[in-house]
Amino acid sequence: MVSYLHGIYRVSERRACCVARVPVSTFRYESRQEPRTALRLRIREIAQVRVRYGYRKGSAVQSV
């Protein structure tokens with residue numbers, strides 16, 4: 001949304017964030033963590049097999 005406003009209406013990024021009611025720091029945020037996709041996929045597999053497990057128990061089963 002902010003990128004659209006910034007590009008189409010040629011307003012500053014700060015103004016576009018203000019109109020979209022998004023903090024500038026949130027818009028500019030870039031995660032520094034690695035995505036760990038293999039771990040996430042494994043947790044999803046466990047969650048599909050064991051539907052009633054919560055995320056904590058699913059993570060614990062994965063680590064075993």
Trainee: I need the Arg14 CZ to Arg28 CZ distance, nearest 0.5 Å.
Mentor: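 The CZ atom of Arg28 is 10.0 Å from CZ of Arg14, to the nearest 0.5 Å.
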Trainee: Could you see if Val2 belongs to whatever hydrophobic cluster contains Tyr9? Use Ile, Leu, Val, Met, Phe, Trp, Tyr and a side-chain cutoff under 4.5 Å.
Mentor: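 Different hydrophobic clusters.
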Trainee: Honestly curious: do Tyr29 and Phe27 fall in one hydrophobic cluster under the side-chain, below-4.5 Å linking rule?
Mentor: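 No; tracing contacts between hydrophobic side chains, which count when under 4.5 Å, never links both residues.
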Trainee: Enter the distance from Glu34:CD to Leu39:CG here, rounded to the nearest 0.5 Å.
Mentor: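 Interatomic distance, Glu34 CD to Leu39 CG, rounded to 0.5 Å: 9.5 Å.
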Trainee: Any link between Tyr4 and Val19 through a network of hydrophobic side chains (Ile, Leu, Val, Met, Phe, Trp, Tyr) touching at under 4.5 Å?
Mentor: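 Yes, Tyr4 connects to Val19 through the hydrophobic network.
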Trainee: Hey, could you give me the CZ/OG1 distance between Arg42 and Thr37, rounded to the nearest 0.5 Å?
Mentor: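 Answer rounded to 0.5 Å: 14.5 Å.
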Trainee: Which atom pair, heavy atoms only, marks the closest approach of Ala16 to His6?
Mentor: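 Looks like CB-N, 4.1 Å.
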